[in-house]
Amino acid sequence: MLQVNFIRQNKETLIQRMKVRGLDVADKVEKILELDDLRKHLQYDSDNRKAENKKASGSFRSLSQQGKKNELEELRNQIASNKNTIKENESKLDKTKEELYDILVALPNMPHESVPAGHTDEDNEVFKAWESDLPSLHEGAVPHWELAKKYDIIDMETGAKIAGAGFPLFKGKGAQLKRALVNFFLAEASDAGFLEVLPPHLVNKDTAFCTGQLPDKEGQMYYVTEDDLYLIPTAEVPVTNMYRDTIVSESDFPIKLTAYTPCFRREAGSYGSHVRGLNRVHQFEKVEIVMIEHPDRSYDTLQYMLRHVEGLLKKLELPYRILRLCGGDLGFTSALTFDFEVYSAAQNRWLEVSSVSNFETFQTNRLKCRFKDENKKSHLAHSLNGSALALARIVAALLENNQTADGIIIPEALRPYTRFDKID
RNA sequence: GGAGGAAUGGCAGAGUGGUCGAAUGCACUGGUCUUGAAAACCAGCGUACCGAGAGGUACCGGGGGUUCGAAUCCCUCUUCCUCCGCCA
């Protein structure tokens with residue numbers, strides 16, 4: 001959520017930048033400023049009347065000790081009438097705040113200056129392309145869902161029987177490969193100085209609101225009505241909320257956290273061949289990295305996170321490219337996002353395996369996550385996160401790209417974790 | 001699930017209707033002293049909004065109420081702790 005003061009000071013920039021998302025927010029911005037002025041006015045008036053009443057009730061005791069009944073009565077009336085005005089004022093104030101909030105909460109983050117304009121994923125800019133040749137497969141190479149069947153490592157049918165379509169069941173070396181990937185990713189994150197946490201996998205409304213899933217993505221999350229809880233769509237949600245209502249000191253930066261969790265997504269409305277196999281599922285596993293950083297350094301930190309993710313893909317020997325998302329494809333809460341895509345040879349397409357974003361103060365404003373500068377003034381911190389990495393699609397790409405006539409070869413870096421070097 | 005108890009500033013912990021934004025201790029920051037450090041002493045030290053400033057207002061788990069006046073009384077919700085039951 002953007003701050004009103006920020007909007008006030010950066011009105012023209014905001015209107016211009018929102019255009020890359022395809023939004024015209026000029027009217028909304030005017031309305032926000034107008035409502036905020038009204039809010040200030042009403043509050044000022046109420047504050048003054050409250051101050052008057054406070055003074056008046058201060059003299060109450062001495063008057064009553066002196067037995068001045070008439071004065072007391074007059075005082076009581078004066079306070080009562082003031083109180084009525086305050087009450088009316090405050091109900092107007094509440095309405096104004098609500099109206100203001102409704103507009104603010106529906107306003108997405110302001111895109112970073114480097115975000116290209118565009119509507120769909122086709123307008124995304126290739127930030128770093130894969131420069132070597134893409135792997136060419138042997139005669140008779142097949143997509144991962146067929147490999148999964150052939151080696152009996154992923155069982156979609158049984159998953160569907162147990163839960164429903166889109167809930168894969170991993171078996172044998174398939175399950176072990178996933179566990180190996182998780183351990184590999186967590187070990188890499190730990191080595192890079194990220195603190196591992198294992199957060200709750202269900203979260204309450206406040207938590208889902210603060211990282212921006214509510215109200216924007218209400219229908220995308222599984223919701224447990226009985227207990228009023230949401231299943232997490234990503235570890236970003238519980239992990240970032242560790243810093244809700246906190247004031248950190250500047251020396252705590254950069255805060256680096258990592259977590260492995262399952263991710264649950266309803267993916268309502270998805271269908272067709274591009275959702276086949278592991279391409280799009282309701283439950284997948286992911287190692288997430290989250291950082292809280294000083295505003296001056298958050299874009300350097302974003303690059304640092306990019307390098308971390310890149311390192312993982314290099315070690316896994318997977319062909320990848322990095323995209324800078326265009327305005328139309330940019331998430332609601334993000335100011336700048338880079339997507340990592342891995343080339344899936346048998347499907348001959350790029351699969352998104354990571355999304356690394358800087359949210360600037362969009363989340364921390366809701367979280368109230370602040371730090372104090374040397375003058376003890378508090379400012380909102382910046383929050384960032386990225387997948388490092390999402391498992392299902394990495395598995396899909398590994399299976400497809402590494403298939404040979406006599407089995408699927410496990411990349412060197414992963415073998416200490418799998419304890420086998422081939423799936424056959 | 002049943003029965004009790006608790007929730008106050010970074011932490012600990014006073015405060016049961018009036019001058020309490022809140023004693024005290026610890027922690028922290030600045031200063032004095034010291035070759036340096038420690039100790040001691042002095043001063044400062046919550047958050048947010050409005051205001052150029054002086055200053056004003058709100059906040060003692062959340063919400064509502066009583067009262068001229070609420071941290072303090074009433075209602076309600078939430079969380080935590082203890083005991084019993086159940087249990088990975």
Side-chain angles (χ1 to χ4, degrees), chain A residues 1-9 32-101 103-104 198-210 214 224-230 238 241-253 255 261-262 292 361 363-381:
Chain A
M1 192 149 69
L2 296 170
Q3 300 169 94
V4 176
N5 282 340
F6 175 86
I7 295 173
R8 197 178 285 282
Q9 285 156 23
I32 287 167
L33 298 182
E34 195 181 293
L35 285 168
D36 191 52
D37 286 338
L38 179 60
R39 197 206 96 231
K40 283 182 194 173
H41 169 78
L42 289 168
Q43 180 147 0
Y44 181 73
D45 192 69
S46 287
D47 282 359
N48 281 340
R49 288 177 195 276
K50 280 182 189 169
E52 270 174 42
N53 277 4
K54 249 188 169 172
K55 248 178 228 151
S57 79
S59 54
F60 204 87
R61 202 190 215 175
S62 60
L63 282 178
S64 87
Q65 275 165 355
Q66 291 161 31
K68 295 187 173 173
K69 280 189 181 160
N70 292 342
E71 279 91 336
L72 277 177
E73 200 48 41
E74 202 176 306
L75 204 59
R76 233 191 279 268
N77 288 337
Q78 187 196 321
I79 290 173
S81 96
N82 232 349
K83 259 177 105 171
N84 272 334
T85 317
I86 291 171
K87 212 169 179 181
E88 281 169 33
N89 240 335
E90 296 207 321
S91 91
K92 271 188 228 161
L93 186 62
D94 286 344
K95 261 190 212 136
T96 308
K97 280 184 180 168
E98 209 180 302
E99 211 178 321
L100 184 59
Y101 173 87
I103 300 176
L104 282 174
L198 201 160
H201 296 172
L202 279 78
V203 295
N204 59 33
K205 283 203 161 98
D206 281 345
T207 297
F209 171 77
C210 284
L214 288 180
V224 183
T225 45
E226 188 76 17
D227 298 289
D228 205 17
L229 294 169
Y230 294 88
N241 269 274
M242 288 167 63
Y243 283 85
R244 169 144 44 105
D245 290 319
T246 54
I247 300 179
V248 301
S249 91
E250 233 174 317
S251 58
D252 293 335
F253 291 134
I255 293 166
T261 67
I292 314 272
T361 60
Q363 294 182 328
T364 53
N365 186 28
R366 292 188 181 186
L367 288 161
K368 301 273 170 288
C369 172
R370 292 155 294 174
F371 70 93
K372 284 199 173 166
D373 65 20
E374 61 230 8
N375 301 316
K376 296 196 171 174
K377 212 170 164 239
S378 59
H379 309 271
L380 294 174

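So that the names make sense, note that chain A is the first sequence line, chain B the second, and so on, each numbered from 1.
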Rounded to whole angstrom units, what separation is found between the [atom1] atom of [X] and the [atom2] atom of [N]?
X	N	atom1	atom2	answer
A:E52	B:G55	CD	C1'	15 Å
A:N53	B:G56	CG	C1'	14 Å
A:K55	B:G18	NZ	P	22 Å
A:D245	B:G62	CG	P	11 Å
A:K50	B:C68	NZ	P	18 Å
A:Q43	B:C59	CD	P	12 Å
A:D45	B:A58	CG	P	14 Å
A:R76	B:U66	CZ	C1'	14 Å

For [X], which contact category applies under a 4.0 Å heavy-atom criterion: base, sugar-phosphate, or nothing?
X	answer
A:I79	sugar-phosphate
A:R49	nothing
A:S378	sugar-phosphate

Compute whether any side-chain donor of one residue and acceptor of the other, for [X] and [Y], lie under 3.5 angstrom apart.
X	Y	answer
A:R8	A:N5	no
A:R370	A:T364	no
A:T207	A:N204	yes

In the strands shown, is [N] matched to any nucleotide by a Watson-Crick or G-U wobble pair with both distances under 3.5 Å, and which?
N	answer
B:A43	B:U29
B:C86	none
B:A22	none
B:C80	B:G5
B:U72	none
B:U57	B:A48

Quote, to the nearest angstrom, the [atom1] distance that separates [N] from [M].
N	M	atom1	value
B:G62	B:A7	C1'	12 Å
B:C73	B:A14	P	16 Å
B:U19	B:G4	C1'	39 Å
B:C50	B:U16	C1'	34 Å
B:C75	B:A23	C1'	31 Å
B:U66	B:G56	C1'	27 Å
B:A22	B:G15	C1'	8 Å
B:A71	B:U57	P	14 Å

Give a yes/no answer on whether the side chain of [X] brings an N or O atom under 4.0 Å of OP1 or OP2 in [N].
X	N	answer
A:R370	B:A48	yes
A:K87	B:G64	no
A:K54	B:A58	yes

When you get a sec, tell me which of [options] is the closest nucleotide to the side chain of [X]?
X	options	value
A:R39	B:U47, B:G69, B:C49	B:C49
A:Y44	B:C50, B:U57, B:C49	B:C50
A:D47	B:G56, B:G69, B:C68	B:G56

So which heavy atom on A:M1 is nearest to which on A:N365, and how close? O-ND2, 2.8 Å
RNA chain B nearest-nucleotide lookup for A:A51 and A:A56: closer to the 5′ end is A:A51
I want to confirm an ordering. Mapping A:S57 and A:K40 to their closest nucleotides on RNA chain B, which one lands closer to the 5' end? A:S57
Is the shortest distance from a Lys or Arg side-chain nitrogen in A:K50 or A:E90 to a carboxylate oxygen in the other one below 4.0 Å? yes
Carboxylate-amine/guanidinium contact A:D94 A:K97, below 4.0 Å: no
Test side-chain contact (heavy atoms from CB on, under 4.5 Å) on A:R244 and A:N241 and set out the steps. CA-CA 5 Å; A:R244 169 144 44 105; A:N241 269 274; 2.9 Å; yes
